[in-house]
K.L.:
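One structure, pasted below without further comment.
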Amino acid sequence: MSTTFQNIRGTFDILPDAYTDDGGTRIASSAEWRHVEATVRDVLCRYNFEEIRTPALEPTELVARGVGESTDIVQKEMFAFERSGTQYVLRPEITAPVVRSFLQHHLDQRGGVQKLFYLGPCFRAEKPQKGRYRQFHQFGIEIMGADKPRADAETIAVLMAVCDALGLTDLKLRLNTLGTPERRAEYVEALQDYLAPHADELSETSQRRLERNPLRILDTKVEHEQEILRDAPKLMDFVGEESLAHYDEVKEHLDGLRIEYEEDPQLVRGLDYYTETTFELESPGLGAQSALAGGGRYDRLAEVLGSDEPFPAVGFAAGMERLFLALDAADVDRPGTPTPDVFIAALGEEAERWVFRTTQSLRDAGLHVAHDLMGRSLKAQMKEANRQNAPYAMIIGSNELEAEAATVKEMESGEQQEVDFDELAEYLARRVDGTEAG
RNA sequence: GUGGGUGUAGCUCAGUUGGUUAGAGCGCCAGGUUGUGGUCCUGGAGGUCGCGGGUUCAAAUCCCGCCACUCACCCCA
């Protein structure tokens, strides 16, 4: 259409106003993003989590090891490149980076359990579609150093609390346990043995997974594969007693908090690092991308990343874009762009200079002030004040300069009055406070 | 990687069996008001009709190719 540049495919601009992209998806305004981010931070802080910020760029090896060589993410979705002999990757998720940072900075030495949260962009080179982008935004938590089932339950509880604070209801929580890696390995072997005779009945991808990542076959949506799986060995039968006890206690805590969930033995998360408890939060009716968040326990990740000692850990990651989809579907009210308290219109060069200085001092006094920078007509400036939804407009011309009193107009009623220059800040502050009470 | 859909103004879209100068609404700018917004009236700016080729006296419209965007499968947040 035009010859100017366009944003990279699979990314999107967040503008002052919400808009609809070419696929009909509503892209929320920057004010809505700020509101959601603020709500997320607020709830997480109330649950006593502390923020951690790590770079978008990480060593490729960290992601390969942390997320797992067999995963789709590492196999085909990394934005990775080499520069001067160093292998870089734009992080596809933030758990491995957080654990890296935790180990690098010996955060365990701060004492006790570390409850961390993050919020930021991630990158995956997938084919974009509704609710799925190449640059997307995740927030999440990691509880480092706690192996008690209460940590699992708190992870889920804080996730639900964030959704609740945002106004999301009708969510579905699915829960499962994967047991220990050792027992899981036994199970994988049994599953392979069971499936091997059926290999030629399986789809191409499932055949490939049979070798590399057999657990993922459990997710299949192919009907005859599901039939084959019906008589397959069950993961639950391989999960050890300790794991089952842990799982039971997690459920007990959730019951105690009145958090509803649905057990789903088929729930196998796509990332290699999960052990024991796993869960996924869904917003039904969102279509293809209904998963808002996923998480679970990953007690072995620290060691996979080179730690000499184990750090039991549990956390979740949630997708901001998915959250917005759910908010749209639920028609939840969100704030609009902040509007100026007052628009100051100037008539003539002398007034412009006075307005420019006064704007500054009113802003110093804490007011949100707008003014004209184009030298436009009074009519145009009033129109601008109206467009910006300023509750008050102030008019400064030669009359006002001479009288040393401003004409202040209340936009809604259209009423005007004169206010002495030295009382302006106080007058406006008082009026604005009154209107903002609601 | 595999399928489907869509490309006309800033936005939403119309454009007849191909027909000469490509339109509407909204938005934007200006005037009606030599110092006053929202409503109303008038005017204006803004388009390589995604790109390239072909058919034709004539293409936004028909044909071919390409590109972009998008939805879905897979998988994930």
Side-chain angles (χ1 to χ4, degrees), chain A residues 1-4 6-12 15 17-25 67 70-77 92-95 119-140 159 203-206 208-209 213 216 219-222 268-271 280-283 286-295 316-326 343 345-348 351 374 376-400 407-416:
Chain A
M1 193 178 300
S2 70
T3 54
T4 52
Q6 282 199 286
N7 65 293
I8 296 284
R9 175 179 155 75
T11 68
F12 57 92
L15 306 179
D17 290 318
Y19 65 100
T20 313
D21 73 11
D22 291 342
T25 302
V67 176
S70 68
T71 60
D72 282 358
I73 290 177
V74 172
Q75 291 287 314
K76 54 185 189 189
E77 296 171 4
E93 52 95 60
I94 310 190
T95 294
L119 169 55
C122 299
F123 306 83
R124 291 182 198 172
E126 296 180 276
K127 265 206 178 165
Q129 64 193 66
K130 192 181 182 71
R132 175 202 276 157
Y133 299 90
R134 288 184 161 187
Q135 175 175 346
F136 58 104
H137 300 78
Q138 284 193 340
F139 72 88
L159 171 61
S203 67
E204 220 174 287
T205 46
S206 289
R208 235 177 302 125
R209 283 176 188 155
N213 201 347
R216 290 262 302 282
D219 289 325
T220 186
K221 278 150 196 162
V222 182
V268 180
R269 315 231 65 253
L271 306 173
E280 193 167 297
L281 187 65
E282 269 188 310
S283 177
L286 270 199
Q289 265 64 50
S290 59
L292 299 185
F316 73 78
M320 297 280 289
E321 289 78 5
R322 303 282 170 85
L323 239 38
F324 276 109
L325 282 180
F343 187 102
L347 267 164
M374 296 171 77
R376 300 208 279 180
S377 68
L378 179 61
K379 178 185 168 127
Q381 292 183 66
M382 292 304 288
K383 214 171 163 175
E384 186 65 25
N386 188 62
R387 193 195 350 263
Q388 293 197 29
N389 273 314
Y392 293 93
M394 201 161 101
I395 297 167
I396 304 297
S398 50
N399 299 346
E400 285 79 6
T407 301
V408 178
K409 177 169 186 169
E410 189 181 59
M411 294 298 274
E412 199 178 325
S413 65
E415 280 167 27
Q416 297 192 170

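Every chain is numbered from 1, with letters handed out A, B, ... down the list of sequences.
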K.L.:
Please list, chain by chain and in numerical order, all residues satisfying side chain to side chain contact (heavy atoms under 4.5 Å, CB included) with A:Glu93, sequence neighbours excluded.
P.N.:
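A:Val67, A:Thr95, A:Ala96, A:Pro97, A:Arg124, A:Gln138, A:Tyr273.
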K.L.:
If we take the P atom in both B:G50 and B:A9, what is their distance in whole Å?
P.N.:
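It works out to 8 Å between them.
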K.L.:
For B:G35 and B:C41, measure between their P atoms and round to the nearest Å.
P.N.:
25 Å
K.L.:
Who passes side chain to side chain contact (heavy atoms under 4.5 Å, CB included) against A:Leu325, sequence neighbours left out?
P.N.:
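With sequence neighbours excluded, A:Leu325 shows a side chain to side chain contact (heavy atoms under 4.5 Å, CB included) to A:Thr25, A:Lys130, A:Leu286, given in chain and number order.
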K.L.:
For A:Asn7, what residues pass the side chain to side chain contact (heavy atoms under 4.5 Å, CB included) criterion, not counting sequence neighbours?
P.N.:
A:Thr11, A:Asp13
K.L.:
Taking N or O atoms only and anything under 3.5 Å, show me the protein contacts with nucleotides 33-37 of chain B, one pair per line.
P.N.:
unit_1	atom_1	unit_2	atom_2	d
B:G35	O6	A:Asn399	N	3.0
B:G35	O6	A:Asn399	OD1	3.0
B:G35	O6	A:Asn399	ND2	2.4
B:G35	N1	A:Glu400	OE1	2.8
B:G35	N1	A:Glu400	OE2	3.1
B:G35	N2	A:Glu400	OE2	2.6
B:U36	O2	A:Lys409	NZ	3.0
B:U36	O2	A:Gln416	OE1	3.0
B:U36	N3	A:Gln416	OE1	2.6
B:U36	O4	A:Gln416	NE2	3.2
B:G37	O2'	A:Asn386	ND2	3.3
B:G37	N7	A:Lys409	NZ	3.0
B:G37	O6	A:Met411	O	3.3
B:G37	N1	A:Met411	O	2.4
B:G37	N2	A:Asn386	OD1	3.0
B:G37	N2	A:Met411	O	3.2
B:G37	N3	A:Asn386	OD1	3.2

K.L.:
Taking atom P in both B:C66 and B:U21, compute the distance separating them and give it to the nearest angstrom.
P.N.:
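Pairwise P distance, B:C66 against B:U21, rounds to 32 Å.
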K.L.:
Taking A:Ala293's backbone N and O only, do any of them form a donor-acceptor pair with A:Arg322's side chain (distance below 3.5 Å, no angle check)?
P.N.:
no
K.L.:
I'd like to check the salt bridge (charged side-chain N to carboxylate O under 4.0 Å, His left out) partners of A:Arg132; sequence neighbours left out, ordered by chain and number.
P.N.:
A:Glu126
K.L.:
To the nearest angstrom, how far is A:Gln388 atom CD from B:G38 atom P?
P.N.:
15 Å
K.L.:
In whole Å, what separates the C1' atom of B:G18 from that of B:A58?
P.N.:
8 Å
K.L.:
If I pick the P atom on B:G38 and the same atom on B:C28, what distance separates them, to the nearest angstrom?
P.N.:
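Roughly 10 Å separates the two P atoms.
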K.L.:
What integer distance in Å separates A:Glu321:CD from B:C71:C1'?
P.N.:
17 Å
K.L.:
Tell me the interatomic distance from A:Lys76, atom NZ, to B:G1, atom P, rounded to whole angstroms.
P.N.:
11 Å
K.L.:
For A:Thr20, what residues pass the side chain to side chain contact (heavy atoms under 4.5 Å, CB included) criterion, not counting sequence neighbours?
P.N.:
none
K.L.:
Going by atom types only, do A:Thr407 and A:Glu400 share a side-chain donor-acceptor pair under 3.5 Å?
P.N.:
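A pair is found: one side chain offers a donor N or O, the other an acceptor, under 3.5 Å apart.
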K.L.:
Would you kindly give the CG-to-P distance between A:Leu292 and B:A77, to the nearest whole Å?
P.N.:
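Checked: the CG to P distance equals 12 Å.
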K.L.:
Measure the distance from CD1 on A:Ile94 to C1' on B:A77 and round it to the nearest whole Å.
P.N.:
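That distance rounds to 11 Å.
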K.L.:
Quick one: the dot-bracket string of RNA chain B, using Watson-Crick and G-U wobble pairs with both distances under 3.5 Å, [ ] for crossing pairs and | for bases paired to another strand.
P.N.:
(((((((..((((.....[...)))).(((((.......))))).....(((((..]....))))))))))))....
K.L.:
Does A:Ser283 make a side-chain N or O approach to OP1 or OP2 of B:A77 shorter than 4.0 Å?
P.N.:
no
K.L.:
Once salt bridge (charged side-chain N to carboxylate O under 4.0 Å, His left out) is applied, do any residues pair with A:Glu280, and if so which ones, sequence neighbours excluded?
P.N.:
A:Arg174, A:Arg269
K.L.:
For A:Phe343, check ring pair (Phe, Tyr, Trp, His ring centres under 6.0 Å) against everything at least two apart and list the hits.
P.N.:
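Per chain and number, A:Phe343 pairs via ring pair (Phe, Tyr, Trp, His ring centres under 6.0 Å) with no residue.
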K.L.:
Mind running a 4.0 Å heavy-atom check of residues 126-134 of chain A against RNA chain B and sending the residues that fall below it, in number order?
P.N.:
A:Glu126, A:Lys127, A:Gln129, A:Lys130, A:Gly131, A:Arg132, A:Tyr133
K.L.:
Excluding sequence neighbours, so at least two apart, what forms ring pair (Phe, Tyr, Trp, His ring centres under 6.0 Å) with A:Phe12?
P.N.:
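Checked A:Phe12 against ring pair (Phe, Tyr, Trp, His ring centres under 6.0 Å); matches are A:Tyr133.
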K.L.:
With sequence neighbours left out, write down each residue that passes side chain to side chain donor-acceptor pair (under 3.5 Å) with A:Gln388, or none if nothing qualifies.
P.N.:
A:Glu384
K.L.:
Provide the distance between the two P atoms, one in B:G43 and one in B:C26, to the nearest whole Å.
P.N.:
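Between the two P atoms, the distance is 14 Å.
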K.L.:
What's the gap between B:C75 and B:G1 when it is taken at their C1' atoms, as a whole Å value?
P.N.:
13 Å
K.L.:
Rounded to whole angstrom units, what separation is found between the CD atom of A:Gln75 and the C1' atom of B:G1?
P.N.:
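Atom CD in A:Gln75 sits about 14 Å away from atom C1' in B:G1.
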K.L.:
Which whole-number value in Å describes the distance from A:Tyr19 OH to B:C11 P?
P.N.:
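The answer, rounded to whole Å, is 12 Å.
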K.L.:
What is the distance, rounded to the nearest whole Å, between atom CG of A:Asp21 and atom P of B:A68?
P.N.:
17 Å
K.L.:
Does a side-chain N or O from A:Arg124 land closer than 4.0 Å to OP1 or OP2 of B:C75, or not?
P.N.:
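Checking B:C75 against A:Arg124, no side-chain N or O comes under 4.0 Å of OP1 or OP2.
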